[in-house]
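Worksheet for the structure shown next.
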There are 4 protein chains.
Amino acid sequence: MNIKAGIVGATGYTGVELIRLLGSHPHITIETVTSRSEAGKSVADIFPSLRGVINNQYVTPELDSLSTCDVVFFATPNGTAMESVPALVSTGTKIIDLSADFRLKDPVVWSKWYGMEHKCPELLVDAVYGLPEINRDKIANAKIVANPGCYPTAVQLGFFPLLKNQLVEPVSLIADVKSGVSGAGRKASIRHLYTEVSDAFAAYAADGHRHLPEIKQGLQTVASDEIGLVFVPHLVPMNRGIHATLYASLKDKKTDLQKVFEDYYQHEPFVDVLPCGSHPNTSSVRGNNIVRIACHKPQNGNTAVILVVEDNLVKGAAGQAIQNMNILLGLEETTGLMATASFP
Amino acid sequence: MNIKAGIVGATGYTGVELIRLLGSHPHITIETVTSRSEAGKSVADIFPSLRGVINNQYVTPELDSLSTCDVVFFATPNGTAMESVPALVSTGTKIIDLSADFRLKDPVVWSKWYGMEHKCPELLVDAVYGLPEINRDKIANAKIVANPGCYPTAVQLGFFPLLKNQLVEPVSLIADVKSGVSGAGRKASIRHLYTEVSDAFAAYAADGHRHLPEIKQGLQTVASDEIGLVFVPHLVPMNRGIHATLYASLKDKKTDLQKVFEDYYQHEPFVDVLPCGSHPNTSSVRGNNIVRIACHKPQNGNTAVILVVEDNLVKGAAGQAIQNMNILLGLEETTGLMATASFP
Amino acid sequence: MNIKAGIVGATGYTGVELIRLLGSHPHITIETVTSRSEAGKSVADIFPSLRGVINNQYVTPELDSLSTCDVVFFATPNGTAMESVPALVSTGTKIIDLSADFRLKDPVVWSKWYGMEHKCPELLVDAVYGLPEINRDKIANAKIVANPGCYPTAVQLGFFPLLKNQLVEPVSLIADVKSGVSGAGRKASIRHLYTEVSDAFAAYAADGHRHLPEIKQGLQTVASDEIGLVFVPHLVPMNRGIHATLYASLKDKKTDLQKVFEDYYQHEPFVDVLPCGSHPNTSSVRGNNIVRIACHKPQNGNTAVILVVEDNLVKGAAGQAIQNMNILLGLEETTGLMATASFP
Amino acid sequence: MNIKAGIVGATGYTGVELIRLLGSHPHITIETVTSRSEAGKSVADIFPSLRGVINNQYVTPELDSLSTCDVVFFATPNGTAMESVPALVSTGTKIIDLSADFRLKDPVVWSKWYGMEHKCPELLVDAVYGLPEINRDKIANAKIVANPGCYPTAVQLGFFPLLKNQLVEPVSLIADVKSGVSGAGRKASIRHLYTEVSDAFAAYAADGHRHLPEIKQGLQTVASDEIGLVFVPHLVPMNRGIHATLYASLKDKKTDLQKVFEDYYQHEPFVDVLPCGSHPNTSSVRGNNIVRIACHKPQNGNTAVILVVEDNLVKGAAGQAIQNMNILLGLEETTGLMATASFP
């Protein structure tokens, strides 16, 4: 099988990661790679790690060429995909959007958090939220997959088993989450200079981060009562990786968290529940599509503490996008995604 | 004024930091620096950053020479100070212990967490917990100051204003805390190799860390009801710095957190309450004795989120020890501790 | 084809990297993984990045089980392989030794640098130095492949085109080389703690490093006159990567270095000569088997400056070992080694 | 004594470091801090590490207010100081320029490397190159001090003893130099993002860096014959620090390098010659004004290898500027500059 893929906006870390991972996929040909700013330049000239991997030059995005692709990934800033997706999806090309444009169901909420009008609110209903562990069947039939954000992937996968089984008070959720710097993207800024970030640690957006409504929307779908969530993101001086430390009040102290998580994820190829007492390290998922989770109940009290790690560029972005593509195209879900994490 | 100081066990990062900071103190002479393992070697040969700063050689610790000092700092592993403090304190020398030996009031609790019998439980009553912001008067008259742990300093200073003013449910406390690697000390281990720690993030001791009883003991002294605390420490790939992200349920959503904190700390020389909406960065206290705090109430809900940063080797160890020494000896509390943080 | 491989001493970073890379090799089954210290434990328990990749437990190394393997990799400390290789090689099992035991031809020189007697000097003649770019044919017929050191791989590949074509004064060679910390291995030590290495840079072993005789031996084989080499290694606060900055006096200022290097390496699958004016970054080879090289002639003077990067754990160790294995077993040389570098 | 100082362009790391160091200087009041882009904002709002240290707001630079200062530091981008220095110097205010505007004596060479016309070439004659170890007397009487670049400080201090004593071939000099990222300044750029720099190492400007003519000009003043220098800078993933590895051909192999360096620098307060066999680490000078040097003669050959470390923001910029100010104003040269390096 030979599937033609396009990548729109491939000058950021997510786009480069898509190219890296697709390079190991046996059924994909990267047909077109677009960038308005770098059109005419060779992809590998800008990203030397891709020398010998891809010969494409960046081209300006055009409907004609994109519509010859079986699937098009949007690795664009928020607000870009919604401009061209309506025309492209009507040609039958499948869309996997790694930006936030199709993640929220309510265009009013979307506008509030993203600061602009949504250009195609009518497509929000059909877009499928691409978290396979909760939405696998819908993804298989989607035209547009809204690939989840990096924080929402980790936080939702950590809370789902607790909420679905009604084991915790839905109003008591706290997500203290830490991210590597690649989550901030590849754009000129003082705030993410090496000198500002290294040997330093801080929270940001404690009063409200754009991923908050996305997480709440997802958790609400499995919860019996209204969700209450405090979400505080932090920046860690590391390239890749997200570590979510999740807190929730157990309804019953005696809940066997380990069994709950092992049962819930027993058939999932990319969720690894660690043995009791473990502390997953982001370095154990560096470069691969796996989420590792460990459960704790400190001092046998009534607080569940769930630790979740993922690579924000893989399961939190490009890897999950390829997982979604595999589902969408009827391939084995793990195709091209089985490389071992790189340590150290 | 010329004060003679001794440092016992100065081959770790805390000992080196004491020497660095005392080098800027106008009234101190470092009389003796001990180490059993390095006796006979020059301090500056082992720590080249101290070349030109200190000419001492390490000597084996002896009561005779230590008792000629006005004050002796113990920068030893847990379980060491309690061996020699009883004899030394009886000579009139003041003791500032940077280890955990005199921090807990209950020797049974101490034994449980530190895995050995306490050698001088009778001294625990007299030892004063050296957190000046809460115990300044007692420190002034102490014979033994138990210098607080690095985590407990940050966590207690963040929760005190809330508990003292009875603004939060004492049973609802969560401390999600992140530390630089110098907190793990300077000893040969695989776990803290550069290759294990860098570009990586993980929690540890989620089921119970030795600083938990210390924090609970301290918070309990200001709380009206019994404290419930979940404390999860994490290791950050950075040298210095602690960032505590503290969560508590407000009794009244309308509480003006900013005012509470500004009022509570208005006279404290080493506690800096940042403006509303701030996110303190550990890099803003690198190398100095200041704690910076910011308050948040996300989505105007009923969860207070308090962000606290300190340098774990300074306010979390050696700087606080010198602050305690200044109080103990009747010096201006800030003497020798006013250097500006180093950024970047 | 199904090839049975054994790994002796797989508790270090090189062993883990072998397991990672062999996991992507279509023809290999890892039959046995040995460690005296960890025997009985699961490999994946000690290295969580390998969970789901390998089910083996460590076993103590035994001739009986190792001799059932087609090929055995030694990822042991120096001085270990020479103990068991004589017996093992006589069973017909092919040996690829990643330690230094079989790299030097002269056992007297070996003893001088490694501080012990060589146990099987008679095998040194037959052992083939496993640098495919210079020794491909001999490797194909070897019984024992001495896999090159990480520094020697980078330095030799950078100097070979100059020496082979007699373009520089052989007595004038300077190799100023910088290595990531994984090159120091995975053993408890103060010197390589995060706190000692991070935000820091220093040279080491400027008066003589064990890789010096290995590099000189290799360069001498292609040089017309006697080699003079100054080799200064440095430690960089990064996990992986070697950057060699090489200096040599050109016999003729007008030499077209770019053409020399492009011609010399035109058929090599793992050597990438960058365009004129480039500065290769270790991040462009993170995790893969490629060496990238750029040539400079500053101010059009008579000094050639050659910049070489590799991943010390891949082309500098485990990747090159697999490249050698492919050659030895008659497989396509690039099998299992084509993964794209991971950036960032 | 109360000296009024002004800082022009204090929104970069060099300006912040000046403020940090001047904060420990007993005789200085910072009168004015200028920035066109940040005028009206509080310095400490932009740099939280300076909270409590400085109350100034940024103002736009004006001759009237600057000329009330005894000394004005320019911490501006290249090409800015030369615009306002002519007017300011004529008011009698002493100038210490941390940019490159007054470092080169030849305006033609300056224009070639800095890409613009020099605005006051007539002042280049009077400007004194502010390397106290070679120019102390002239600095004492200067009106304009051209504070040296970070690389030139380390490289010149390493080569001076060899050249002055005519011990090496002046044509054979190689400077392989490695710098922390703060040397690149504080401006929005992709190239110096955390994600681009961390866990990575590369050379840059191998074909010619702006500090080359400055170094050659300085070395030439002490050399008997014409200098030949190859200078290759590299970027290290660390915040602060420069490590120069210097190579030169000895005229006589038997030269006692250790004695040469110890004699040459015996009276220098800020140059520390380490014992034989040492490898200075940038971490040993983190935050202070000291240069540490070690000499090697590998394999007793005829190549001198000199290792030099400094903190690029202190001895390589702000610290040296204050050292120059002390000399200029007749203060003890070490005033305010004796803080101990911070480790780790």
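Per chain, numbering begins at 1; letters A, B, ... match sequence-line order.
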Residue from A:Arg51, A:Arg286, A:Met338 scoring the most non-hydrogen pairs under 4.5 Å with chain C is A:Arg51
Cut-off 4.5 Å, heavy atoms of chain C, and the answer for A:Val16 is side chain
key: C:Asp45 CG: over 12 foreign heavy atoms closer than 6.0 Å   = yes
Would you call the rings of C:Phe343 and A:Tyr13 parallel, tilted or perpendicular if under 30° counts as parallel and over 60° as perpendicular? perpendicular
From the list C:Leu21, C:Val181, C:Val53, the residue making the most non-hydrogen contacts under 4.5 Å with chain A is C:Val53
Q) Between A:Arg240 and C:Pro344, is there a donor-acceptor pair closer than 3.5 Å when you use the side chain of the first and the backbone of the second? A) yes
Worksheet item: Would you say the side-chain atoms of A:Arg292 pair up with the backbone N or O of C:Pro48, donor to acceptor, closer than 3.5 Å?
Response: yes
Taken to the nearest 0.5 Å, the spacing of C:Asn239 CG from A:Ser283 OG works out to 9.0 Å
For residues 271-279 of chain C against chain A, heavy atoms under 4.5 Å, the residues are C:Asp272, C:Val273, C:Leu274, C:Pro275
